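A, B, ... follow the sequence lines: proteins, then strands. Residue 1 opens every chain. Predicted model, so just to flag it, every value in this text is computed and none were measured. We use all heavy atoms of the structure for the numbers below, so side chains are in, but hydrogens, waters and symmetry mates are not.
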Number of protein chains: 2
Amino acid sequence: MIKLEALRVFVTVAESGNIKDAADAVGRTASAVSMTLKQLEDEIGGPLFQTDRKNSLTALGNLMLDLGREQIRSFDKSVSIMRAFAHSRIGSLSIATVPSVAANVLPPILQRFLETRPQVQVELFDIDSAQVRRMVESGVADIGIAGDSRAGGGVEFSSLFSDRFQLLCREDHDLCRLERPIEWSDLSGATLIRNGASDRIEAEEHKRLSAQSLITVYNVTSLIALVKAGLGLTILPSLTMHGAHDGVAVLELADTSASRQVGLVERRDVPPSPIAAAFRAFALREIPALVAERLGRRKDQ
Amino acid sequence: MIKLEALRVFVTVAESGNIKDAADAVGRTASAVSMTLKQLEDEIGGPLFQTDRKNSLTALGNLMLDLGREQIRSFDKSVSIMRAFAHSRIGSLSIATVPSVAANVLPPILQRFLETRPQVQVELFDIDSAQVRRMVESGVADIGIAGDSRAGGGVEFSSLFSDRFQLLCREDHDLCRLERPIEWSDLSGATLIRNGASDRIEAEEHKRLSAQSLITVYNVTSLIALVKAGLGLTILPSLTMHGAHDGVAVLELADTSASRQVGLVERRDVPPSPIAAAFRAFALREIPALVAERLGRRKDQ
DNA sequence: TCACCAACTTCAATTCTTCTGAAATTGGTA
DNA sequence: TACCAATTTCAGAAGAATTGAAGTTGGTGA
């Protein structure tokens, strides 16, 4: 059986024009090279050089030089692609994430992640938590970042950070004058606008308040516009409304248990691609630190 | 260093879905296959299968399956091309030959030669002996077939057959009535038309006759037309005018030494390509036999 | 939940391949 | 004709791959 290694030796000899130099180039003795060449000629079925001074090729030798070079080039390239992929320097990464993370967390993370991986292709979807889970489960996204857990079905949840809920109201609202964290009881007379995120708050007091609410808005921009217009208050995770909005105030809640967990959503039982694995490790290390800095808190909890 | 053989094993396992069947397929034990796979994973830098039951590939495994298959296919194809070339089943063959051989000898020879080599490309040039030698010497033709030898310069001559000179005259010429081989002296009063081939006849008597000749014609068709028109006689190698021409008679010469040697012309010091070598051997074996039959003579001399 | 079974992996011994260094051969050159 | 450097040959050494047996592992059915 002809080996690629034998072709490598032959090409080196053909290029050197003699065995001695070729032997040095491949790190073997001249006798090893000579034997390899002989074996190659036997297996191919004809002489490769015109004389035993290896300075001129036969027609067969020329053909083998061309084909051999091409094979070596192509093989080495394939191997380097395989290695690059294994080491997550190439490939594609599809990330599904909730908008607040996409807007406030991912930009610097992705930038740093891709700095050392200029060949990696990234797709980013921002959608709600339920759809993040669905995209990961179906394999459309390699990895997701979403709030909440209840790790069910085919996905697994790994917490990255916790995001406290805060109260959003007009700057001229009475509550702004309290100058202390807001108790649920402070909200008893207020008009609450429900949203997709606030429904996850477990506190009984909030559930009661929420039940009386007549408006539910899922889009954050619309939600803030309604608050600004004076239609009511709303409760959102801190990261969601990161960055001040003119005319609205952000107030802390006294109930510090009112928070959502944000974390990685991954498919269970299906190993991640090398890039996805690398991104996972990077995210677990970098996102908590970044969020702690952004929100001015201890990381996680 | 990653070996193509390891990729072969991997592809087989990936296609079988388990090690045992793959081991049977490649003719090794399961443990050998397992070790090869492990080594491959180490060298590539990542796992290829999702579990140690080898029925589902990782993303890396899928990539390697694609690239590996392609490499194997391409390598095997290259090797088969090299072998086919070495065994003269493919390649191209450029033959330069004098017209009489091209017309009377080569057709059946080439047909039989190519019967078992349907992929071989042939180029055929018919030119005069001097140009045959020039084309071979310059490498434009791989092999030549020409009369005469005087093997000089960079070419070598190997005789294939000898071709007796014969006399060509009008059917109504006086010489036709002799009913015996023609002596040089029979031609003393005749008008001789010289041609490229007849100049090589060594006999003194012919040289004298030839010196008196006023017309020289190199093209055989024109030559015969002139003879037919009654402008004179001419002396040509038997093969050149093989096949009767209406209105002209072909007469034997008594001087049996008047003949030309026809043989292979090859470049000296440059080994022939495998196809050229194969054609050489075929020609040396088949052409003398064919000519003997055609001209009704013993082969060579 | 446990025990079994088949697939896979590990390990040490063996076999096969390739490599080395010395000696012989070859082909070109003074 | 004799020399010299390159190449080839050869036998032993080193290295790589393979084997068979023993040990793990993970899935399956009682």
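- Rounding to whole angstrom units, CG of residue B/Asn55 and C1' of D/dG26 are separated by 12 Å.
- Here C/dA23 presents its C1' atom at 14 Å from CE of A/Met35, a figure rounded to the nearest Å.
- A cation-pi geometry, defined here as NZ or CZ lying under 6.0 Å from the six-membered ring centre and within 45° of its normal, does not hold between A/Arg280 and A/Phe282.
- Within the 4.0 Å cut-off from OP1 or OP2 of D/dT7, not a single side-chain nitrogen or oxygen of A/Lys38 is found.
- Distance, B/Phe10 CZ to D/dA17 C1': 20 Å, rounded to whole Å.
- B/Glu5 places its CD atom 14 Å from the C1' atom of D/dA16, with the value rounded to the nearest Å.
- In this entry the distance linking CD of B/Gln39 with C1' of C/dT9 reads 15 Å, nearest Å.
- When the shell of 6.0 Å around CD of B/Glu15 is examined, it contains more than 12 heavy atoms from other residues, nucleotides or ligands.
- For B/Arg260 and B/Ser100, the side-chain atoms include at least one donor-acceptor pair closer than 3.5 Å.
- Taking atom CG of A/Leu37 as the reference point, atom P of D/dT9 lies 12 Å away to the nearest angstrom.
- The shortest distance between the side-chain N/O atoms of B/Lys54 and the OP1/OP2 oxygens of C/dA6 is not below 4.0 Å.
- In this structure, CD1 in B/Ile44 is found 7.0 Å from CG in B/Leu60, a value given to the nearest 0.5 Å.
- With B/Phe85 as the aromatic partner, B/Arg89 does not meet the cation-pi criteria of under 6.0 angstrom to the ring centre and within 45 degrees of the ring axis.
- Put simply, CG on A/Leu40 is 16 Å from C1' on D/dT8, counting in whole angstrom units.
- A/Met1 has its CE atom 16 Å from the C1' atom of D/dA17, to the nearest Å.
- Residues from residues 12-34 of chain B placing a heavy atom under 4.0 Å of any atom in DNA chain C, listed by number, are B/Asn18, B/Ile19, B/Lys20, B/Ser31, B/Ser34.
- Under the rule for a salt bridge (charged side-chain N to carboxylate O under 4.0 Å, His left out), the partners of B/Arg8 that lie at least two apart in sequence or sit in another chain are B/Glu5, B/Asp76.
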